[in-house]
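Take a look at the structure below.
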Amino acid sequence: MSLRTPRGPVAVTAVAASALAAGLLVVPSSASAAEIRIHDIQGSTRISPLAGQRVTEVPGTVTAIRAFGSSRGFWIQDTEPDRDPATSEAIFVFTGSTTPSVAVGDSVLVSGTVSEYYPGGKDAGLQSLTEISKATWTVRSSGNALPAAYRLTPSTIPDPYTPDAGSDSIEGLTLRPRSYALDRYESLEGMRVSVENAPVVGATNTYKELWVTAEPRHRRTARGGALYGSYRDPNAGRVKVVSLLPYAEHPFPVADVGDALTGSTAGPLDYDNFGGYTLAATTMGDLADHGPKRESTRKQKADELSIATYNVENLSPKTAQAKFDRLATGLVEHLASPDIVALEEVQDDNGATNDSVVGADATLTKLTDAIKAAGGPSYEWRQIDPVDDQDGGEPGGNIRVAFLYNPERVSFTDIPGGDSTTPVTVEKKGGKATLSASPGRIDPANGVWKASRKPLVGQFSFRGRPVFVVANHFNSKGGDQGLDSRFQPPARPSETQRTGQATAVNTFVKALLNADPKAAVVVAGDLNDYQFSPALADLTKGGVLTDLVTRLPGDERYGYVYNGNSQVLDHILTSRALRRADYDIVHINAEFADQSSDHDPQVVRVRPGGVI
């Protein structure tokens with residue numbers, strides 16, 4: 001969950017030093033007014049050759065106006081372009097919180113200071129947006145025709161995505177729009193662009209944004225999304241769509257993945273810190289509802305143990321009852337009432353209030369009551385309260401992992417001794433593995449769990465056979481550079497902690513298997529990483545675990561959608577004794593504008609001690 005901070009007047013009033021810190025590159029000086037046109041300002045790299053200089057009477061036609069928020073202004077585009085494909089012919093004129101007194105179709109002469117605005121601040125690592133700030137203008141004529149929109153298609157979006165700068169900045173590199181997708185987008189910065197009959201690959205969110213793809217046949221999921229299957233291919237055709245149209249007259253489309261915007265969606269190509277290149281629509285296509293329905297998995301058979309994982313997204317007693325009811329419906333109707341559920345993001349009993357409360361009984365009572373009211377079983381739970389404010393997540397929330405289980409189908413083996421700081425160990429009794437404490441936390445003092453959730457392991461018994469389940473919620477990707485970062489390839493520093501966490505869990509599973517090579521072990525949860533990531537390589541190292549998502553057909557390997565990319569963050573892994581597992585990602589959230597969580601749950605059905 002991220003907070004959005006709008007750009008404020010500091011971008012046009014601060015001196016150079018403070019402006020640079022706020023994300024605006026301004027070095028005051030002056031430039032000759034003679035023959036300065038927009039493509040001269042934009043130049044052939046990401047940084048304007050005139051950055052910091054004042055320009056006068058730059059001609060252009062107003063193509064769109066942003067008349068809301070603290071980032072108001074208008075776009076102008078030159079109707080007499082040069083022949084260099086690397087130089088954009090449009091630019092944003094920033095007016096701060098003042099609504100500009102222009103109309104679409106006005107021919108204007110704009111004077112002001114050329115600046116480079118870094119969304120989120122320069123330290124965020126994103127690219128900059130070339131603007132004219134501190135602007136004045138004169139209107140020469142009105143009602144002029146707008147330049148034709150540049151159509152984004154598979155033939156106009158090149159592959160690969162970006163030049164490789166060895167993780168350094170690409171700002172100084174000459175744009176090669178015929179060679180790299182990011183260079184193509186940058187060469188169109190501010191210009192009118194369009195997509196036609198565009199598939200929706202990211203559902204409408206609360207900020208009235210959605211994602212489409214201009215490459216309708218490129219790496220699609222089985223249900224119509226854009227599949228993110230490797231670091232090398234981030235699906236270059238993805239573009240975020242927002243609207244410049246008044247919502248009262250033109251409601252923003254409420255779209256799910258698999259829907260489409262038919263006809264033309266057109267407007268200037270913007271850039272922001274919540275999705276990168278963005279089509280700011282002045283013409284919005286019509287919504288066509290092609291999206292698939294929410295899925296339901298089959299019910300487990302009498303001799304099958306079903307184990308699910310579900311990130312319930314900052315759940316606390318302060319959460320609206322409607323969300324508890326929808327989570328319950330999902331568990332009962334769509335997941336067929338799993339025997340065991342590993343929950344992630346269970347908050348303490350007063351949610352984000354930052355005090356000494358760490359217990360979560362009220363949260364779990366409210367959830368289990370909702371499940372029973374929805375026709376589900378009377379689940380019991382096991383969990384361990386974290387040390388206050390030591391497990392990351394929303395400040396004060398004390399999120400943790402927890403187990404629900406159906407006592408009519410499976411029993412929990414309670415072994416005293418587990419607490420927030422004592423590490424659980426593996427013991428061998430009667431030739432079988434057992435735990436020193438159940439539930440217990442894995443290696444909680446290890447530095448890899450700093451400000452992150454500690455894994456919880458529980459020992460269960462199903463039809464007389466022990467089953468060990470490890471619930472996880474690895475550290476987030478916070479601090480990683482975005483796919484469209486100005487540093488290429490982008491750095492992923494959060495991987496270091498996750499690989500350490502994966503190694504700690506792998507070591508614990510090895511201890512179980514050393515005590516009993518036939519031990520039935522299930523590792524489940526939100527691992528915050530991809531099936532092809534270093535963390536998953538370390539978690540499965542030595543062949544001790546199989547990541548079940550890798551057994552699915554390629555176009556079904558996803559359960560989370562971020563910036564229009566359908567990807568894997570949640571996983572269920574099994575030991576060799578459970579190699580014949582029946583696994584399902586149940587798509588009920590991530591592809592939909594109406595969600596009870598941003599994650600899709602997963603379920604596996606196994607027969608401990610037998611075969612499926």
Side-chain angles (χ1 to χ4, degrees), residues 1-28 42-43 45-52 69-71 73 91-92 94 96-97 113-134 161-173 175 182-183 185-186 189-190 207 209 231 234 240 269-278 392-395 450-452 475-498 528-529 562-563 565:
M1 212 163 98
S2 59
L3 298 177
R4 299 195 171 207
T5 304
R7 175 170 37 170
V10 67
V12 293
T13 61
V15 295
S18 61
L20 180 59
L24 183 68
L25 178 61
V26 178
V27 184
Q42 288 283 10
T45 69
R46 285 172 166 79
I47 299 297
S48 170
L50 302 179
S70 59
S71 183
I91 195 165
F92 184 65
F94 177 56
S97 57
T113 300
V114 178
S115 55
E116 294 289 341
Y117 171 70
Y118 288 89
K122 193 170 184 179
D123 290 344
L126 299 176
Q127 300 181 61
S128 62
L129 186 67
T130 305
E131 300 178 337
I132 297 177
S133 59
K134 301 180 182 178
Y161 187 61
T162 180
D164 187 337
S167 295
D168 286 339
S169 174
I170 58 176
E171 286 184 316
L173 301 180
L175 296 175
L182 273 190
D183 286 6
Y185 291 130
E186 180 64 20
E189 181 186 87
Y207 302 103
E209 303 165 342
Y231 293 124
K240 188 171 74 174
L269 188 65
D270 198 15
Y271 183 84
D272 68 27
N273 55 322
F274 299 103
Y277 289 102
T278 300
E394 187 175 21
K450 182 178 180 180
S452 183
N475 75 295
S476 76
K477 294 182 177 294
D480 289 2
Q481 294 170 347
L483 294 176
D484 58 321
S485 167
R486 69 179 182 274
F487 300 102
Q488 293 294 333
R492 301 184 294 270
S494 69
E495 278 186 351
T496 301
Q497 186 173 4
R498 279 193 303 282
N528 267 316
D529 226 331
Y562 179 72
N563 285 358
N565 267 330

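Heavy atoms only: backbone and side chains are in, while hydrogens, waters and symmetry mates are out.
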OG1/Thr162 to CG/Asp183 distance, rounded to the nearest 0.5 angstrom? 6.5 Å
Trace of the side-chain contact (heavy atoms from CB on, under 4.5 Å) decision for Tyr277 with Leu182: CA-CA 9 Å; Tyr277 289 102; Leu182 273 190; 3.6 Å; yes
Give, for atom CZ of Arg492 and atom OG of Ser167, the distance between the pair rounded to the nearest 0.5 Å. 8.5 Å
Between Leu483 and Asn565, is any pair of side-chain heavy atoms under 4.5 Å apart? yes
Please report the interatomic distance OG(Ser128) to CD1(Ile47), rounded to the nearest 0.5 Å. 3.5 Å
Taking the side chain from Gln497 and the backbone from Lys450, do they hold a donor-acceptor pair closer than 3.5 Å? yes
For the NZ atom of Lys240 and the CG atom of Asp270, what is their distance to the nearest 0.5 Å? 8.5 Å
Considering all heavy atoms of both residues, which atom of Ser70 and which atom of Phe94 are nearest to each other, and what is their separation? O-CE1, 3.9 Å
Any Thr113 side-chain heavy atom under 4.5 Å of Glu131 side chain: no
Give me the atom names and distance for the closest heavy-atom approach of Pro490 to Gly482. CB-O, 3.4 Å
Count the heavy atoms of every other residue, nucleotide or ligand shown that sit under 6.0 Å from OH of Tyr562, and state whether that count exceeds 12. no
d(Glu186 CD, Leu269 CG) to nearest 0.5 Å is 9.0 Å
Would you compute the distance between atom CD of Gln488 and atom CG of Asp168 and round it to the nearest 0.5 angstrom? 11.5 Å
Return the minimal non-hydrogen interatomic distance between Pro489 and Gly166, and the atom names on each side. CD-N, 4.2 Å
Between Asn475 and Ser452, is there a donor-acceptor pair closer than 3.5 Å when you use the side chain of the first and the backbone of the second? no
If I compare all heavy atoms of Ser485 with all of Phe487, which pair ends up nearest, and what's the gap? OG-N, 2.9 Å
Is a donor on one side and an acceptor on the other found under 3.5 Å between the side chain of Arg498 and the backbone of Asp529? no
Nearest heavy atoms of Pro493 and Gly479, plus distance in Å: CG-O, 3.6 Å
If every non-hydrogen atom of Ala165 is compared with every non-hydrogen atom of Ile170, which pair is closest and at what distance? CB-CG2, 3.7 Å
Only residue of Arg46, Arg486, Glu171 satisfying side-chain hydrogen bond (donor to acceptor under 3.5 Å, both in side chains) with Gln127 is Arg46
Minimum side-chain heavy-atom gap Glu116-Ser48 below 4.5 Å: yes
Any side-chain donor-acceptor pair under 3.5 Å between Asp484 and Tyr271? yes
